[in-house]
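We count ligands from 1, going down the list as the structure has it; atoms in each ligand are counted the same way.
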Amino acid sequence: MEPGGDAVAGLEVSGLTKHYGAHAAIQDIGFRLERGALLTLLGPSGCGKTTLLRSIGGFVATDSGTIRVEGQEISALPPERRPTATVFQGYALFPHMSVAANVAYGLKIQGMLKSEIAERVRDALAAVQLSAMAERMPSQLSGGQQQRVALARCLVVRPRILLLDEPFSALDRNLREEMQVELRKLQQRMGITTVVVTHDQQEAYILSDWVAVMNAGRLHQFDRPAGVYDRPATRFVAGFTGMTNILAGHGDGTHFIAEGIGRFPVAAPALPGSALGLRPGALRLVDPADPAACAVGEVAFVAMTGAEALCEITCPGGALQVAMPRRDGPPAPGALVGVAMVNPDEAVVLAA
Ligand SMILES: Nc1ncnc2c1ncn2[C@@H]1O[C@H](COP(=O)(O)OP(=O)(O)OP(=O)(O)O)[C@@H](O)[C@H]1O
């Protein structure tokens, strides 16, 4: 369901602002997330992701704004009275307690009955597929298993909102990919509204129903993963998601004119100060005399990036990056080449 379509949102944030001294860590953040959806907060280091997550969990006192969980305002509640559970970065387990005792800990301090604790711990360990390891100590577990214990510790309190701060940053790449898929399946099975902090766009795409891209304390785009990638809303989002060609210029209705670079067949309004965003894969090399050539330049260098070659083409007014399959035979540095568009629909006109 689209946000706004659900009568009561799983999580609704409005006008959330937090300053540290004169510095705004987050500024006027607002979004609405349907129940059971997974949102990632994506952005570079220092953009405010952790501050936003901690504000939702109640660990940061915000200056202004409201947070609602399933219609209930929780902004004034302390963390332990919020219907949220947080897996912090690092997720330190108690080393001297068994897996089961680690998971039970939060319920014990709430004073819950022993029999109920045992049942909940069983359920939580089953959910993360660690039932067989209940009596092990944390040191006897792999990194991925420890991460799952940290998750079980949160699930056991049956939160309405699960908050995860860079949950896989301590894991190596293969294990991280495995855990991303596992978390996604678990979260969908349990239907818990979830917010995950990451600086890794690949991780955001794999995990998310929705992505919130942030920079310098501001929310730049709240969208589906494909929306963020295909239609970046700002120059920042375009650059952050790998749109390395951001060409300054203006439209004339049928073309975008990038000064000193070329004319691209993109229907762009005649607005001054706009920019054209093009991924390297949206461009291809052609003969300089080819009528499809939008720009002509000299090959500055060619880098191998796996199955593809990335070519940098120097034009009088700037450079263009073009990706091509290596099997197509990349050009030699110094060659004069034309640059054409693969598909004009893949170009994005970005406002000033
Ligand atoms: N307790 C604090 N006191 C002062 N400034 C802070 C504090 N916590 C965060 N900040 C500042 O607020 C801004 C946002 O920080 P935050 O930790 O939310 O960013 P982040 O996007 O999570 O970064 P990272 O990915 O590096 O964890 C940063 O400029 C940071 O230096």
Taking only heavy atoms of [X], which atoms of ligand 1 are found under 4.0 Å from at least one of them?
| X | value |
| --- | --- |
| T51 | 14 (C), 15 (O), 16 (P), 18 (O) |
| C47 | 19 (O), 20 (P), 21 (O) |
| T50 | 17 (O), 18 (O), 20 (P), 22 (O), 27 (O) |

Distance-only N or O hit between ligand 1 and Q89, under 3.5 Å:
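No.
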Among I313, D290, V286, find the one that has a side chain to side chain contact (heavy atoms under 4.5 Å, CB included) with V339.
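With V339 as partner, I313, D290, V286 yield a single side chain to side chain contact (heavy atoms under 4.5 Å, CB included), made by I313.
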Suppose we measure from [atom] to each protein heavy atom; which comes out shortest, and what is that distance?
| atom | result |
| --- | --- |
| atom 11 (C) of ligand 1 | Y20 CD1, 4.0 Å |
| atom 26 (O) of ligand 1 | S45 OG, 2.7 Å |
| atom 25 (O) of ligand 1 | K49 NZ, 2.9 Å |

Side chains of E259 and H250, donor plus acceptor under 3.5 Å
yes
Hey, are Q221 and D223 close enough side-chain-wise for a donor-acceptor pair under 3.5 Å?
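A pair is found: one side chain offers a donor N or O, the other an acceptor, under 3.5 Å apart.
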Answer yes or no for atom 30 (C) of ligand 1: protein heavy atom present at a distance under 4.0 Å?
no
Is K49 salt-bridged to D165, cutoff N-O under 4.0 Å?
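Between D165 and K49 there is no salt bridge, as every charged N stays at least 4.0 Å from the carboxylate O atoms.
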Are R158 and D123 close enough for a salt bridge, meaning some N to O gap below 4.0 Å?
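D123 and R158: salt-bridged.
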Are more than 12 heavy atoms from other residues, nucleotides or ligands located less than 6.0 Å from atom CZ of R173?
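Open: at most 12 neighbouring heavy atoms sit under 6.0 Å from CZ of R173.
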For M214, is the nearest heavy atom under 4.0 Å from an atom of ligand 1?
no
Part of H23 with heavy atoms under 4.0 Å of ligand 1, whether side chain, backbone, both or neither:
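The part of H23 near ligand 1 is the side chain, not the backbone.
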Yes or no on side chain to side chain contact (heavy atoms under 4.5 Å, CB included) for L41 and T198, after CA distance, side-chain angles and deciding distance?
CA-CA 6 Å; L41 307 178; T198 184; over 6 Å; no
Pick from G48, G21, A24, A25: the one approaching atom 21 (O) of ligand 1 most closely through a non-hydrogen atom
G48
From the candidates P44, G46, G217, S55, the one that places a heavy atom nearest atom 13 (C) of ligand 1
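The nearest heavy atom belongs to G46.
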Determine the interplanar angle of the W210 and F222 rings, folded into 0 to 90°, and report it as parallel if under 30°, tilted if 30 to 60°, perpendicular if over 60°.
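Answer is parallel, since the angle falls under 30°.
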